[in-house]
Structure formats: C-alpha cells, structure tokens
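Below is one structure, written out as structure tokens; the observations come after it.
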Amino acid sequence: MNFAKDREKRVREIQTLSFVLTDVNLYLDMYPESQEGLNYYHKYNKLYKEAVNEYEMKYGPVTPGGVKSDVEWTWIKEPWPWEYTR
Amino acid sequence: MRKDKSYHVNKGLENPIIVQTKGEIYMDFEINNRAPINRSDSEFLSRMMEDNYEEPMQSPGNIPYIPQNDDIQMYNSRYNTRQEPQKPHPQYQGNGVWGKPLAMVYSPIQIFRNIYDPEDALSHGTIFKELDFPWYPTACSGCNDNYRKDGMRRG
C-alpha cells in the first residue's frame with residue numbers, strides 16, 4: 001500500500017475511534033452504571049490505544065505525549081496542518 | 001388530527017415506544033417525519049396562528065405551569081423584588097402562542113442500543129441511531145424574518 005494512503009487511512013481510523021470514545025464518554029457521564037456502555041468503552045479504547053501505538057511506531061507522535069524518541073523532539077517533525085496534502 | 005389510538009414513536013427500531021393518545025394530538029412523531037414541519041399538519045399550524053389559541057390538554061399530569069400575575073405578585077412580596085407582570089411583546093401578539101413557556105425540556109432514560117458502526121457514527125455525528133435526527137430549520141411566521149420560507153438561513 002502507498003505510504004501516504006496508509007498513513008491517511010490510519011489517521012482516519014484514529015479519528016473514528018476517538019470520536020466513538022468521546023460519544024460513549026458523554027453517555028457514561030449520564031449513565032455511569034451502564035454495563036453495555038462500559039463494555040463498548042473498553043472495546044474501543046483498546047482498539048484506539050492499539051491504533052495510536054501502531055501509528056506512532058510507524059509515523060510519529062499523534063499528540064505531544066506520544067513522543068517516543070530519547071534523543072529528538074519528534075513532535076515538530078510531524079507535518080503541520082497546513083502542510084497536509086491529499 | 002387524530003382521535004384515540006396508539007402508535008409507534010420510533011417505528012422501525014428494535015424496541016419501538018408505543019404511545020397511547022387520548023383525544024386530539026397535534027404533533028406526529030413517526031420516525032419518518034424527520035423535520036418538525038412534517039410532524040404537524042396544516043390544521044395544527046393554522047390553529048397555532050389563531051388569536052387566543054388555547055392548547056387543549058394533551059396528557060393529564062403533564063400540564064405545563066404558566067406563572068399568572070397573582071404568582072408574580074406573591075413572588076415579589078416574598079423575595080422583595082419587583083417583577084412586572086408580563087405583557088405580550090408586540091411581535092408575539094396575534095400568533096397565538098403568548099403565555100406558553102419559552103421551552104419545555106424532557107430527558108427520557110436513554111438505553112444503550114442501536115449503535116452505529118464507528119465509521120457511520122463519525123459521519124452521522126453520533127454513535128446512537130436513536131439520536132440521529134437531522135435538524136431542518138423551518139420558516140418562522142411570528143418572529144423576525146431571519147429564516148426564509150424554504151428554511152434556509154439568511155446571510
């Protein structure tokens with residue numbers, strides 16, 4: 001698979017998982033005892049962490065907290081939003 | 001306008017809610033009626049426009065309480081404030097909804113069900129199919145003309 005395409009696909013996956021986690025977060029704020037909600041949260045939180053981890057291993061940090069290198073601040077090596085190309 | 005009957009509020013979903021109505025109802029919340037304009041009929045709309053329109057009791061026990069002038073006087077004497085009895089703003093005179101509360105809000109228990117796939121959830125803006133109602137602004141006849149008759153926002 002094309003490098004840029006793969007990266008875009010993974011970004012999209014992270015955005016998607018992040019979104020469903022936000023929505024279930026709102027639901028659980030209202031219904032903290034909901035077992036279905038909690039199951040859903042854990043299922044997608046696991047997938048989210050895996051997706052972020054895979055992305056960061058391959059491309060670089062998703063958030064500043066995701067910088068892995070001991071010798072370089074890789075956060076600024078990411079393309080800035082205005083540098084994105086499609 | 002309907003007489004006594006029961007019908008499904010969210011027909012087509014896994015666990016439709018069945019609503020019993022007594023007498024006349026004015027809003028039709030069938031799932032396919034996506035916009036408020038589809039949920040009411042022309043008779044409802046024309047009656048809302050009448051002067052001194054009084055909404056009949058829809059469901060006993062759920063009557064919105066509207067403060068009367070006596071209440072305002074009592075409130076003023078109890079809390080030592082001065083609140084003028086309210087009169088219709090000229091804009092609202094004649095549109096038949098004066099005296100109604102500005103907004104009534106309710107929040108039923110939401111059951112965790114009918115969940116979109118994550119991809120669909122992102123494009124619909126919610127993971128809950130039951131909360132996926134597109135909002136169409138409709139023309140407002142009583143207030144300033146910010147909305148055109150076709151429901152599109154000006155500007």
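A, B, ... follow the sequence lines: proteins, then strands. Residue 1 opens every chain.
The hydrophobic clustering, which links ILVMFWY residues whose side-chain heavy atoms are closer than 4.5 Å, places A:Trp80 and A:Tyr55 apart. Under a hydrophobic clustering in which Ile, Leu, Val, Met, Phe, Trp and Tyr are joined whenever their side-chain heavy atoms come within less than 4.5 Å, directly or via other members, A:Val11 and A:Phe3 fall into the same cluster.
Contacts from residues 64-76 of chain A to chain B, taken as heavy-atom pairs separated by less than 4.5 Å, involve no residues at all. Contact annotation for residues 31-51 of chain A against chain B (heavy-atom separation below 4.5 Å, listed by residue number): A:Tyr31, A:Ser34, A:Glu36, A:Gly37, A:Tyr40, A:Tyr44.
Within the structure, every pair that satisfies the salt bridge (charged side-chain N to carboxylate O under 4.0 Å, His left out) test and touches residues 12-21 of chain A, not counting sequence neighbours, is listed here: A:Arg12-B:Glu119.
Rounding to the nearest 0.5 angstrom, the gap separating the CG atom in B:Leu131 from the CG atom in A:Leu26 is 10.5 Å. Atom OG1 of A:Thr16 and atom CG of B:Asp117 lie 11.0 Å apart (nearest 0.5 Å).
Under the ring-ring contact (aromatic ring centres under 6.0 Å, His included) criterion, B:Tyr116 pairs with B:His124, not counting sequence neighbours.
Heavy-atom distances place the side chain of B:Ile115, and not its backbone, under 4.5 Å from chain A.
Put simply, of A:Val20, A:Asp23, A:Leu17, the one with the most heavy-atom pairs under 4.5 Å next to chain B is A:Asp23.
Ring orientation note: the planes of B:Phe128 and A:Tyr27 are tilted relative to one another, at an angle of 30° to 60°.
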